[in-house]
Every structure is written in structure tokens, then in C-alpha cells.
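To keep things clear, I will list the structure first and then write my remarks on it.
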Amino acid sequence: MLPTTTKAQTAQKPRVRFAPSPTGNLHIGGARTTLFNWLYARQTGGTFILRIEDTDRARSTAEYEKTILQDLRWLGLAWDEGVETGGEFGPYRQVERQEANIYQPFIKKLLDSGQAYYCYCTTEQLDQDRKVAAAAGKNPVYSGRCCNLTTTDRAAHERSGRLAVVRFKTPRKEVRFKDLVRGDVNIHGDDFGDFVIAKQDGSPLFYLANVIDDALMEISHVIRGEEHLPNTPKQILLAEALKLKVPQYAHLPLILNPDRSKMSKRAGPTHVREYIRLGYLPDAIINYVALLGWNPGTTQEILSRDELVKLFSIEKINKAGAVFDLTRLRWLNAVYLKKLSEKEYLEIAVPFVAVKADREKVERAIISVRERVQFLAELPPLVDFYFASKLVYEPTLLVWRKSTAQKSLNELERVTTAIADWGSAIFATRQKLLEALQAYVAENKLGTGDVFWPVRVALSGLKASPGPQDILWVLGKDEGVRRLREGIALLRKSLTDSSQK
Ligand code: GLU
């Protein structure tokens, strides 16, 4: 099973991979890992592979695999080889690789050569060992109890029905490697001791399956999150023991909350799915995550995919953790939303406004608040009032602050009569409506607020909303005039009520 020749014709070209465990939805960190691998492959003419690491059967689900693939596709990060796409190095799911008996020969080789051994320790024994080590202030490394079991010892354990895991006999030496981001890393085998590489049912653990697959798939560069850095020396020792080629490693800096703790919900939504639901654009997410721990060495903040492919370099990835800044991501998303044509914008925005109403009205409503949103889930509360059958607000809200209730009522009555007389051509654009309102103000020698304020409030029922010209354009003349008359009635009633007190 050991690879003797390389299968990849493009062996000199980088082969990189994203290897998610389908135990949750795609995390922002996973999106960044994918992007950096993808960028590296696109830039170098290499191959980007998607492998599913589902050996942890208790936590992996087909549903999560599906959502991860969907989210990667939504981001526009297609893979050249891997699950669903296929390729010469398949299968690309570890469970299928296990069924194809890919890992067993490697485990056997380690056992036969004395580089691994069966361990029969019980959970209770291991817990006890850990307590003793902790009390003595030592690393909780395995005690080595089963390292030198004789055939007789083993037979006794087997007879008593104990099941064994397989442990790697870690060479007690310094492991040195050059991480492409972190530079020289040295860790001593004593620091982690003999670790488990196969479960009691014979299935391989992460360290082993991952290192075997990277070698068999001829992965040249392992670009992954810093949380995997402690695994790397173990994997290098395993690769050496199995005479497998050791890839180059690049560990991407952690993504942090503003207080520099590990990224959590406090910093913002943590999964790509949530950003999709909130109405973010894939290009904005890509641009944002590209800058999480990497920068092009310029102050340029808006970078297209093509620019990223051109500028990306592993050398420019930072060692220090990258703080996740939701305000910046929102700002970037707004920039990308602005770039869309009206047609493109409406196409993605309309589904966010789930109201049963005339399509044109919905579109106008959305356009009227377009400048106010940074992501599309902000739309519904902003446009709700357009679709309300009855507005509920305090009549005093209709009174312009520099005016009185009686004066506001008079102005509202007069302007409503004027608006009711306007021809439909005026309602065709916001500009025409604005000009008509301004002309009315000028002709009647009024202050803008005297007219615009009560009209806007009667149309919206809100303290803050788009201007009256926007609302009239969305509602149309009939609904607009109806709301204005309701406002008049409300104010009149409140004046009558107060005069009777
Ligand atoms: N399956 C691992 C994870 O989801 C990936 C490990 C790697 O990239 O080497 O974290």
C-alpha cells in the first residue's frame, strides 16, 4: 500500500486540501482555511482537494457534510478533486477509505515493526494516571504501562475480555520542522508520549488517517488552522515511521474575539450559514476572511478574487491571532451590496421581504431603504410599515417641533388636498414627488418641516423613515392619500378630546 510512485502527473505542482470533519456547519475559520488553500492552488496552477474526515462516526453526520459542501459552493470555492467531484486519489471520504481497507496495512506495519503496541488500559486506570501526573505537576502523558507486554500478558487480557487500542510508540526525540507561517518549531516526543492511533474496533484515529491520506493523496502543503499545530509533531513522527513523505506545513493564526479570546458568538455569527441567512454576499465574506491573518502589504481593503489570487502569499500570513471585527465585515458587505445593479440587488433582496404584496410595491419599498442596510436581513423591519394595514402611533408625533397641533392639522389638511389633486405622472418617480412637495412648500411660503414632517409621519407612523417622496412613490396615490386622511382624523380627534377636558 505504500506509495512508491507518484500518481499525480502534476506532481511538481502543489496539491493542497481542505479536510473538514462533518461535525458541524462550516465555520468562518474553515472558510478561511479553504480560501487560503484555494488561493494557493489557483495561483500556482496546483490542485485543490476536498476530503471529508468522518472517522469520528459518533459526531459526523451526512447532513453536516451536505451543508459544508453547499456553503463552500455558495462561497464560490470549487474543488478540483474530492467528494462529489471525484478524482484519481479517491475515495475522498475517510469512512469509505476505511471500508476499502486503506488504513489497516499501515496500522499492521507499525505493530509488526514494534513502532506501535496494543494497550489494554481501562478508562479508570488512565484517569488515575492523569490524576497522579497532575498532582506531581507533570504532563498527562501515557505511563507506558502496556508498552512492553509479553505475549502471556496480552493473552491474559484477551481472555478477560479486555479490548485494546493501538498506541504509537513515540520516539523520544526532538521533532523539528519549519512551519511556513510560524518558522522553526521544536517539540520533544516526551511532551506528548505514546498516543492512540487506532480505536478498539481497529478504526484509525484522526492523527493517523489524516497523515496517511495526505501522503496517499500526494498533498504537498498542509495549510490548516493553528489549533492543529500540536498534532503536527505527532504526525511527522508517524509519517517518518511509515516512510511516508512529510508535507510542508503552514498553520494559520487563530481567529479571536476583540478581547483576544478564541472566536465565539460574542464576536459575531461564527458560521458561514448564518451569514447566508443574514444576507451577506459571498464576495464580501471572501474579501473579509482573506484579510484575517493575511494582508497584501498595501492598504487596499477591497480585493476581488482575481486580485487575491495574484497577491496571495503564504509568507505574508501573520503569526499573531487575527481579531474578528464584525463592524468591518458589515462595512465591506455594504460596499459589495452597493456595487450591484438595481436588478441584481432586487433579485437577492426580495426573498428577504416575505410579504404578500404586489411585486412592484415590494421592489420600490426595498429600493427606498437600500442605502440604509449593510446586510439584507436588516430590510424587513425597515419596510414593514409600507405593508401595514393600519398604522399605530401617537397623534402628537404628527406635530412638527417648531409648530403647534392646530397648525400641523391645518397644514396636513391643505397639503393632503393638494396631493389628492396631483396627476399620476408625479407619482412615477421619487424625484418628481420631491419636486412637487418642494414647489408646494415654496408656493405657500412654508417651512420644509411644516409640510414634510407631518406628511412623512402620517405616511409612516414612525419617528424615522424614508422621506415622504419615497413613501408616496412606494404606496401610490390612493394608499398615500388614505394614510394622510387617517393622520388628519387622528390629530383632529386628539385636539377635540383635549379641548373637551
Ligand atoms: N479534519 C480536521 C478538522 O476538521 C482537519 C485537519 C487538517 O486539516 O489536517 O479540523
Side-chain angles (χ1 to χ4, degrees), residues 14-41 46-69 71-72 77 79 81-83 89 91-98 102-103 177 179-182 185 195-197 199 203-239 242 244-255 262-263 270-273 289 293 314 317:
R15 287 177 56 82
V16 292
R17 85 305 191 271
F18 177 51
S21 302
T23 55
N25 287 322
L26 183 66
H27 193 273
I28 279 290
R32 183 193 54 180
T33 301
T34 312
L35 176 65
F36 286 14
N37 277 285
W38 183 89
L39 288 173
Y40 193 58
T47 305
F48 173 53
I49 296 147
L50 182 70
R51 179 173 80 225
I52 295 291
E53 302 209 321
D54 51 358
T55 48
D56 183 350
R57 305 218 49 175
R59 293 174 59 229
S60 301
T61 72
E63 186 55 28
Y64 282 135
E65 179 187 313
K66 202 171 102 198
T67 63
I68 291 170
L69 265 54
D71 293 355
L72 290 175
L77 300 175
W79 48 101
E81 232 183 84
V83 284
F89 295 80
Y92 292 92
R93 270 184 206 92
Q94 286 186 332
V95 162
E96 289 168 27
R97 300 176 68 73
Q98 202 175 313
I102 287 177
Y103 307 116
F177 66 98
D179 185 90
L180 295 174
V181 174
R182 312 199 61 86
V185 181
F195 55 93
V196 179
I197 52 171
K199 289 187 233 169
S203 61
L205 257 84
F206 161 75
Y207 308 109
L208 186 67
N210 179 274
V211 87
I212 292 172
D213 286 345
D214 282 341
L216 295 184
M217 293 180 183
E218 295 172 22
I219 299 301
S220 58
H221 299 72
V222 168
I223 305 171
R224 63 183 177 185
E226 191 180 306
E227 63 277 13
H228 286 292
L229 189 60
N231 300 330
T232 307
K234 297 181 184 176
Q235 296 194 296
I236 289 176
L237 289 175
L238 279 171
L242 289 164
L244 297 173
K245 193 158 181 252
V246 178
Q248 300 219 59
Y249 286 95
H251 287 92
L252 308 178
L254 294 177
I255 304 178
K262 195 167 170 227
M263 187 194 179
T270 41
H271 292 86
V272 171
R273 213 122 261 250
V289 299
I314 295 181
I317 296 172

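Worth knowing before you read on, the calculation uses all heavy atoms, side chains too, and leaves out hydrogens, waters and symmetry mates. For ligands, and for the atoms within them, numbers begin at 1 and follow the listed sequence.
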Show me, pair by pair, the donor-acceptor contacts under 3.5 angstrom made by side chains of residues 21-28, not counting sequence neighbours?
{"unit_1": "S21", "atom_1": "OG", "unit_2": "E53", "atom_2": "O", "d": "3.4"}
{"unit_1": "N25", "atom_1": "OD1", "unit_2": "T67", "atom_2": "OG1", "d": "2.7"}
{"unit_1": "H27", "atom_1": "ND1", "unit_2": "G29", "atom_2": "N", "d": "2.8"}

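- Contact check for I52 versus E96: no side-chain heavy atoms found under the 4.5 Å cut-off.
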Got a list of side-chain donor-acceptor pairs under 3.5 Å for residues 231-238, not counting sequence neighbours?
{"unit_1": "N231", "atom_1": "ND2", "unit_2": "H228", "atom_2": "ND1", "d": "3.0"}
{"unit_1": "T232", "atom_1": "OG1", "unit_2": "R224", "atom_2": "NH2", "d": "2.9"}
{"unit_1": "T232", "atom_1": "OG1", "unit_2": "H228", "atom_2": "O", "d": "3.3"}
{"unit_1": "T232", "atom_1": "OG1", "unit_2": "L229", "atom_2": "O", "d": "3.4"}
{"unit_1": "T232", "atom_1": "OG1", "unit_2": "H251", "atom_2": "NE2", "d": "3.0"}
{"unit_1": "K234", "atom_1": "NZ", "unit_2": "Y207", "atom_2": "OH", "d": "3.2"}
{"unit_1": "Q235", "atom_1": "OE1", "unit_2": "R224", "atom_2": "NH1", "d": "3.0"}
{"unit_1": "Q235", "atom_1": "OE1", "unit_2": "R224", "atom_2": "NH2", "d": "2.8"}
{"unit_1": "Q235", "atom_1": "NE2", "unit_2": "Y207", "atom_2": "O", "d": "2.9"}
{"unit_1": "Q235", "atom_1": "NE2", "unit_2": "N210", "atom_2": "OD1", "d": "2.9"}

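- In summary, of the residues considered (H271, R273, K66), a side chain to side chain donor-acceptor pair (under 3.5 Å) with D71 occurs for R273 alone.
- Counting all heavy atoms, side chain and backbone alike, I219 lies closest to V222 at CG2-CG2, 4.0 Å.
- For Y64, there are no ring pair (Phe, Tyr, Trp, His ring centres under 6.0 Å) partners two or more places apart in sequence or in a different chain.
- Protein residues having a heavy atom under 4.0 Å from any atom of ligand 1 are R17, A19, P20, S21, E53, F206, N210, R224, H228, listed by chain and number.
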